[in-house]
J.: 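For reference, the structure I am asking about is given below.
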Amino acid sequence: MKKFMNDPKNFVDEMLEGIYLANKEVTYVADDKRCYVKAEPVKGKVGIATGGGSGHLPLFLGYVGKGMLDGAAVGGVFQSPSAEQMLEVTKHIDQGAGVLYIYGNYTGDIINFDMATELADLEDIKVMSVVGNDDVASSVVGEEHKRRGVAGIFFLYKAAGAAAQEGMSLEEVVRVAEKAKDRTRTIGVALSSCIIPEVGKPSFEIGDDEMEIGMGIHGENGITRKKLTAADPLVDEMMAKIFAEQDYKKGDDVAILVNGLGATPLEELYIMFRRVSQLMSERDINVKHVWVGEFATSMEMAGASVSVLHLDEELDRLMAAKADTPFFKHFAQ
Amino acid sequence: MKKFMNDPKNFVDEMLEGIYLANKEVTYVADDKRCYVKAEPVKGKVGIATGGGSGHLPLFLGYVGKGMLDGAAVGGVFQSPSAEQMLEVTKHIDQGAGVLYIYGNYTGDIINFDMATELADLEDIKVMSVVGNDDVASSVVGEEHKRRGVAGIFFLYKAAGAAAQEGMSLEEVVRVAEKAKDRTRTIGVALSSCIIPEVGKPSFEIGDDEMEIGMGIHGENGITRKKLTAADPLVDEMMAKIFAEQDYKKGDDVAILVNGLGATPLEELYIMFRRVSQLMSERDINVKHVWVGEFATSMEMAGASVSVLHLDEELDRLMAAKADTPFFKHFAQ
Amino acid sequence: MDTINTGNIAALFEAFHTTFRDKRDELIALDAKVGDSDLGITMNSAFEAASKTVSDMDGEPLGKQFKMAGAAMAKAAPSTMGTLTATGFMRGGKAVDDADAIGTKEMMAFWRAYADGIAERGKAKLGDKTVLDVLEPIAQSLEQSADQHAPLVDAVADAARAGQAALVATKDMVAQHGKAAAFADKSKGLQDAGGTVAFLLIETLARFVKG
Amino acid sequence: MDTINTGNIAALFEAFHTTFRDKRDELIALDAKVGDSDLGITMNSAFEAASKTVSDMDGEPLGKQFKMAGAAMAKAAPSTMGTLTATGFMRGGKAVDDADAIGTKEMMAFWRAYADGIAERGKAKLGDKTVLDVLEPIAQSLEQSADQHAPLVDAVADAARAGQAALVATKDMVAQHGKAAAFADKSKGLQDAGGTVAFLLIETLARFVKG
Ligand SMILES: Nc1ncnc2c1ncn2[C@@H]1O[C@H](COP(=O)(O)OP(=O)(O)O)[C@@H](O)[C@H]1O
Ligand SMILES: Nc1ncnc2c1ncn2[C@@H]1O[C@H](COP(=O)(O)OP(=O)(O)O)[C@@H](O)[C@H]1O
Ligand SMILES: [Mg+2]
Ligand SMILES: [Mg+2]
Ligand SMILES: [Mg+2]
Ligand SMILES: [Mg+2]
């Protein structure tokens, strides 16, 4: 295992120390570094919190900042934060307009966010939740509630964050987040494993010439494992899964996120985006927003995912809005 | 070799197609995709061009955009673009105030940029050059002109780009770039090799538990190869080389760039930054600007570098200025 | 013992912690097959924290001690089973809030609330191959014992037997939840890891009551 | 032949291209030892492009043909040696701009300008283990032949011999420039890759003139 780290036990907390030292716009509450919040809350705005395991930077905490989220509870590597940590974040970011939790569809996270919701209720804070489940590879149509949440959660953050920034009420922000969730689909492909610092060896084995389409960001089983093909046919195969799901009509607008899982060069992500763009053109679908880079990683995993958000006018406007976090910067369009 | 690509021969051009499809702010001239320029030139502004081999995204072309550079000549993977391509970029970005070339200290690039300068002279375009040579590992003090240019060139781009944006003359922009160059130092460490697409196998071998301090971004020999240590002592050893070079006094200001070489997780870069920050505090040096992420990579190489810019008031102001390129966004501070 | 009293809780949680310290590697191995190998670690941390919390709560009401133990677990081990177990102890504690001692009736109330709390929190159905498939038989066995006014020592011994049989029965189920669901087919033939935790709890309790 | 005329240039560049196509793998292997293995590929592309460019310039002035060949190389092979070689041909071409035919005197002027152009462009010093260490002896040998009014065929044969000796001498030098400089010590004992290119050029030329 080759990692720049000290004692693996301190991996998450030293990472957080580095982040706080680098960025004064964020800080922590309850004397717990893992209760990560925006330094300057906005009075009267709906608060948005997220949370989940570490090892996915810039997910999750990276989207805390202006125009996006207000706080994040930070767990150990691939482990849920505690309900208490979520509650502390919730108490801090509630500015009188209630709090929305947006997080990924993993049992540990669900159970803890549900518990945090009950605890917040005792403190008279109104909390609602939207759970990202964009990974088309992780369950069939009709069983969407079983799907894992992966990189597409970025679109939920962006939409809800911009909506809250516009001054929408909690119910409205939830409506927007739900809409973004219903219209987001992701498909991934992995080429190599990541290594959990405290474990010290690869989480799974994969052949020197193999890829696994649909693998989860913790190494969960995908759809097929086979020989790595050229980029164009691979993207064709991945995108077929997405096109099969939503009724994209000629002239429709979409936003695209091509996400690297950690070790894949940016050059290759653009080669993939090129093909995605061609497929969209063939179908007369307009690509109105594009993000290419690392948005949800698995530490040193090689691989990529493509997420598509089927836009409407409102989502288009929210995607275009300004966002400014330590990890994600977007000038208003 | 596991790469998302089609025919390796098309690696660079398909990557460029993806980039142009994703970003309307940039385009190409002379009917050659490798002559990359900002879509909307600014009349009367000093033009700044860069160039170099591909495989280092976001370097080089990634810094073309508002408040930074105006054009980039794009070479094959790890190969210089041609003088003619540089000339085409130069002709396009000259807006009557002359053109500055900022590029890294590599023979192939120097020879071609020198030739391009002569060709531009024939076209009555005034061109000056500043050559980045920030890598302290690649030659001793007193022989700085032999040093390679690595991630620290980012500071030259940022300073010169902001200076040109302020409306400074060519001579003034050159002065600023030279100053940034004289005050920038970088030290890197590599953990694994990259793979050139057309070659298809690792450029060099390195043991499972080894690191090489000072290795170049094309795999050039470094200073020492040894067992990977914990992050803190490693950063201490790296930073000692930088502290030995410049006369940092108590109360001085610096900008820090912690750069990933391609496959190293962002988590680990923050663990490294944490230690850099501690070392600066111990010396009463103020870290006024921080960038942590991937700024100059070697495709899938695992490793990192730390660059330090010794600020003065002018450089501080130029670092704080707004920049907006497809690959680098910075809100004015 | 006939009933568990406020002064016994510290010792009870010490017994729980001993069990999970001893079974740490076994649970790691079990979770490794279709999960992420953390169960032994999280359960040990959970009961270490719980045991520490109740160690100096001697005079406090029974229900409060269980609830505080649960809260300590939630904080120390926010994994699926950590949080579910924490929920179980908090709900169980709430169910015996007014009791001064735990006899068969209170024990029944505790485990019914424990099972229901986890069912509500985890949203699993019976047969989904989760801890619930062991908890529900335990609660039902205690309900029967309470109906029959059985002494506590017999009631918990019966419940432990019911739990053991239920745990064996999880082998034939296919996992629908959590990390194991991704390995649904592979999970067949293996006993559920979370169910094992439930069984270890009731077994330790039976031993504790027997003295 | 006594002189090289405007009608011979296409054939000359065909000969150059044949040489570099044949020596492709040898040059790759040479550059691999202390460089990046591209020299065989870039030289072949450079002369392929140059040969193509002059193939239909039959009537054009000599100097222009060389300059256009150089420009084509610069475009096709922007590596260190590609660009230096392009520079050499452009400067050499400029030096014979007014000539209708190339005899010994013009050949001398061509190679002097070729060597000086590369020296200026590459900023290497003699002894730095570069192409310059082979070019300079070639130019000097031709200067001597011009002084002595030697026939062209003898002049280029002598120059090729001088180039060969100079190439062998590069083995003892330590690389100061380009990628090889990073392997400075390792480069000792090896003949310089760029110097090999210069020698192959003059050797091919000598053969061409001899006919
Ligand atoms: N939704 C659920 N409801 C009840 N129990 C569950 C649920 N999901 C998982 N479990 C139980 O949790 C056990 C795994 O616990 P644990 O290792 O803590 O999970 P993780 O490591 O995924 O957080 C399973 O064996 C199962 O008994
Ligand atoms: N500054 C220089 N001046 C003259 N020749 C040089 C210089 N640097 C390198 N060379 C020559 O270039 C040769 C390597 O050429 P090439 O393989 O094209 O380099 P690269 O692949 O690094 O661009 C060396 O063997 C040497 O003869
Ligand atoms: Mg990465
Ligand atoms: Mg990368
Ligand atoms: Mg587990
Ligand atoms: Mg070479």
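Residue numbering restarts at 1 for every chain, and letters A, B, ... go by the order of the sequence lines.
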J.: Got more than 12 heavy atoms from elsewhere within 6.0 Å of NZ, B:Lys146?
T.: yes
J.: Counting only heavy atoms from other residues, nucleotides and ligands, does the tally under 6.0 Å from CE of B:Met5 exceed 12?
T.: yes
J.: Less than 4.5 Å to any heavy atom of chain B: does that hold for the side chain of D:Met81, its backbone, both, or neither?
T.: neither
J.: Take atom CG of D:Asp100 as the centre, draw a 6.0 Å sphere, and report whether it contains more than 12 heavy atoms from other residues, nucleotides or ligands.
T.: no
J.: How many angstroms lie between atom CG of B:Asp109 and atom OG1 of D:Thr83, to the nearest 0.5 angstrom?
T.: 9.5 Å
J.: So what's closer than 4.5 Å to chain B heavy atoms on D:Ser37: side chain, backbone, both or neither?
T.: neither
J.: For the atom pair NE2 (B:His145) and NZ (D:Lys123), what is the distance rounded to the nearest 0.5 Å?
T.: 12.0 Å
J.: Atom OG1 in B:Thr107, atom CZ in D:Arg121: separation rounded to 0.5 Å?
T.: 13.5 Å
J.: Tell me whether the count of non-hydrogen atoms from other residues, nucleotides or ligands lying under 6.0 Å of NZ in D:Lys23 goes above 12.
T.: no
J.: What parts of residues 120-142 of chain B touch chain D if we use heavy atoms and a cut-off under 4.5 Å?
T.: none
J.: Pick one of side chain, backbone, both or neither for B:Gln85, based on which atoms fall under 4.5 Å of a heavy atom in chain D.
T.: neither
J.: Which heavy atom of B:Pro81 sits nearest to which heavy atom of D:Pro78, and what is that distance?
T.: O-CB, 3.4 Å
